[in-house]
Engineer: 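Handing you this structure, nothing more for now.
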There are 2 protein chains.
Amino acid sequence: MIAPVQPPPDRVSPPPEDAQDGVSAARDPWVLEEVGALTRETLGERVTAELRALLVAGRLAPGEKLSLRRVAEALGVSMMPVREAVSRLAADRALEVLPGRAVRVPMLTLGQFRELTRLRLVVEGFAAEEAARHATPEQIAQVAAHEAAFRRAATADPPDAAGAVAANRDLHFALYEAAGMPSLIEMIERLWLKAGPILNIDMRGEPRRLKGGSAMQAHAALLDALRRRDSAAARAALEADIAAAAAHIESVGRLAS
Amino acid sequence: MIAPVQPPPDRVSPPPEDAQDGVSAARDPWVLEEVGALTRETLGERVTAELRALLVAGRLAPGEKLSLRRVAEALGVSMMPVREAVSRLAADRALEVLPGRAVRVPMLTLGQFRELTRLRLVVEGFAAEEAARHATPEQIAQVAAHEAAFRRAATADPPDAAGAVAANRDLHFALYEAAGMPSLIEMIERLWLKAGPILNIDMRGEPRRLKGGSAMQAHAALLDALRRRDSAAARAALEADIAAAAAHIESVGRLAS
DNA sequence: CCAACCTAACTGTGATCACAGATCACGACA
DNA sequence: TGTCGTGATCTGTGATCACAGTTAGGTTGG
């Protein structure tokens with residue numbers, strides 16, 4: 001279930017230190033600039049990313065309990081980075097630590113879920129408007145690629161639920177990326193982190209929502225609006241997508257009291 | 001500068017365990033219900049709250065460096081809870097940990113500040129609308145009380161800068177509380193956490209912005225709209241408040257490149 | 001007088017240990 | 001047979017230690 005943490009591909013042991021140059025050009029780093037500050041990722045950040053991915057994909061069900069030691073063992077790291085990751089996610093209410101005992105995935109009440117949905121309509125709707133205004137052709141092409149991937153996964157037989165969830169996420173965030181507002185994306189990521197477990201839990205196993213096609217319809221309308229740079233239409237399409245998904249979740253009703 | 005962490009007033013040693021009852025009424029907990037789950041606050045949470053308060057109040061300047069060990073010593077706790085607090089705040093981009101060296105308060109660029117301002121307009125504007133629709137008379141009275149406190153602090157001679165900052169914060173969040181959307185408040189708190197250091201840094205020492213009175217004017221309009229339950233006017237007043245503050249910050253220009 | 005080196009102090013990160021408290025299963029008593 | 005006490009086990013929290021990497025300051029060599 002939880003994959004062991006792999007060493008990051010760009011992880012490099014101490015910087016080459018540029019040993020082969022003499023005195024000249026010591027202040028002109030040539031290509032050294034474009035290697036770009038080699039992002040050193042701490043173990044805690046990697047565990048955080050791992051757990052975040054599991055949450056937004058619905059791989060961790062609401063109410064599911066986690067144990068720091070178990071997660072640490074599963075990921076092949078010490079308990080310390082897991083503590084850091086859980087602490088961060090708990091600060092975002094993406095996980096909750098029970099007063100006495102374990103940490104678990106929060107169980108949303110109907111009221112909480114509806115609030116989250118309203119906030120998504122406001123924030124992601126705004127992002128869609130901005131994206132329609134500022135998207136470059138390349139960015140639109142990326143959204144289109146993810147839209148195609150989603151359609152393929154949804155119409156496959158049998159439907160590729162995991163692929164559809166991933167493509168849906170990529171599509172949405174490619175759109176939001178086009179808004180060019182990093183803090184906005186962070187906000188949306190936090191919303192997805194809270195809504196992900198309940199939104200995507202029943203995707204795997206019984207992807208009945210994919211059959212309806214409302215998501216594909218909304219995505220197509222969104223892409224069309226994006227190409228026409230029609231911000232109002234983009235917002236409307238995205239709101240339809242969110243509303244349809246929320247209505248489905250409410251109908252199957254796995255929400256808490 | 002950093003106050004030592006006090007033991008929480010409601011901290012209680014293990015629950016009374018109700019030793020004096022016999023067999024009867026064992027299922028009827030009398031008054032035991034109303035004691036209410038005694039909220040146990042962990043040390044890490046307290047340090048987090050302390051740092052958050054310092055950030056939103058502008059007591060920590062952008063670019064200021066923190067040291068885990070120093071903060072721990074100043075607060076009279078071990079390094080561990082401070083690590084947790086900094087880790088959480090760093091996840092919110094309210095602090096940033098430099099790859100090699102210390103942790104510091106982020107320095108916003110002009111672009112980042114403008115993005116934050118736009119997001120505040122969207123999110124807090126929405127909150128103001130909702131608050132105008134759903135505020136109870138008691139909540140409106142609370143907003144009014146904070147508004148009066150702000151006016152007193154701003155018009156005092158000499159101006160009570162710290163008091164004005166606190167009253168301004170209380171006023172805004174009393175308003176947002178009236179919207180009745182907890183996750184929305186969390187979102188706004190995160191925005192304030194990022195904008196606080198730059199928004200309030202020059203309040204203390206040289207509270208020249210208070211003289212202008214634009215804040216008092218916007219607050220009065222906001223309160224009036226709230227009483228008339230005019231959501232559009234409430235949003236407009238709040239947007240004017242935010243825009244005026246942002247314009248002032250940009251004019252004094254302590255923003256990074 | 002300036003620059004380069006080098007050492008000492010300090011940084012966050014991660015691991016390990018200790019501990020209070022909660023849960024759960026088992027067994028004794030009514 | 002049902003209920004309560006009780007100990008073993010596991011939980012997150014906090015403290016302490018070890019370490020690689022960085023910074024700053026002093027010193028030496030030019």
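Since the model is a prediction, treat every value here as computed from it, not as a measurement.
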Engineer: Does B:Arg70 have any salt bridge (charged side-chain N to carboxylate O under 4.0 Å, His left out) partners at least two apart in sequence or in another chain, and if so, which?
Structural biologist: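 With neighbours one apart ignored, the set is empty.
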Engineer: Sequence neighbours left out, what pairs pass salt bridge (charged side-chain N to carboxylate O under 4.0 Å, His left out) with at least one residue falling in residues 86-96 of chain A?
Structural biologist: A:Glu84-A:Arg88, A:Asp92-A:Arg190, A:Asp92-B:Arg190, A:Arg93-B:Glu186, A:Glu96-A:Arg104
Engineer: For B:Glu73, look at atom CD and say whether over 12 heavy atoms of other residues, nucleotides or ligands are found less than 6.0 Å away.
Structural biologist: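 Not buried by this count: 12 neighbours or fewer within 6.0 Å.
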Engineer: With A:Arg69, which residues qualify under salt bridge (charged side-chain N to carboxylate O under 4.0 Å, His left out), at least two apart?
Structural biologist: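 By the salt bridge (charged side-chain N to carboxylate O under 4.0 Å, His left out) rule, A:Arg69 matches no residue at all.
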Engineer: Expressed as a whole number of angstroms, how long is the span from B:Leu43:CG to C:dC19:P?
Structural biologist: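 After rounding, the reported distance stands at 18 Å.
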Engineer: Distance check needed: D:dC10 P versus A:Lys65 NZ, whole Å only.
Structural biologist: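 In whole Å, D:dC10 P lies 13 Å from A:Lys65 NZ.
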Engineer: Atom CE of A:Met80 to atom P of C:dC17: distance rounded to whole Å?
Structural biologist: 14 Å
Engineer: May I ask you to verify if any side-chain N or O of A:Thr42 is less than 4.0 angstrom from the OP1 or OP2 atom of C:dG12?
Structural biologist: no
Engineer: Between the base of C:dG14 and the side chain of B:Arg83, is there any donor-acceptor pair under 3.5 Å?
Structural biologist: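 Result: at least one qualifying N/O pair found.
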Engineer: Please report, rounded to the nearest Å, how far the C1' atom of D:dT13 is from the CD atom of B:Glu45.
Structural biologist: 11 Å
Engineer: Roughly how many Å is it from CZ in A:Arg104 to P in C:dT23, rounded to a whole number?
Structural biologist: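 Going from A:Arg104 (CZ) to C:dT23 (P), I get 11 Å.
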Engineer: Between the protein and nucleotides 9-11 of chain C, are there any N/O to N/O pairs under 3.5 Å, and if so, what are the atom names and distances?
Structural biologist:
from   : atom 1 : to      : atom 2 : distance (Å)
C:dT11 : OP1    : B:Ser67 : OG     : 3.0

Engineer: Can you name the residues that form a salt bridge (charged side-chain N to carboxylate O under 4.0 Å, His left out) with B:Glu130, not counting sequence neighbours?
Structural biologist: A:Arg118, B:Arg133
Engineer: What is the distance, to the nearest angstrom, from the CE atom on B:Met79 to the P atom on D:dT16?
Structural biologist: 11 Å
Engineer: Taking only residues two or more places apart in sequence, or in another chain, which ones meet B:Arg83 in a salt bridge (charged side-chain N to carboxylate O under 4.0 Å, His left out)?
Structural biologist: none
Engineer: Could you state the CG-C1' distance from B:Leu89 to C:dG12, rounded to the nearest angstrom?
Structural biologist: 16 Å
Engineer: Could you tell me the separation between the CD atom of A:Glu73 and the P atom of C:dA15, rounded to a whole number of Å?
Structural biologist: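 In whole Å, C:dA15 P and A:Glu73 CD are 14 Å from each other.
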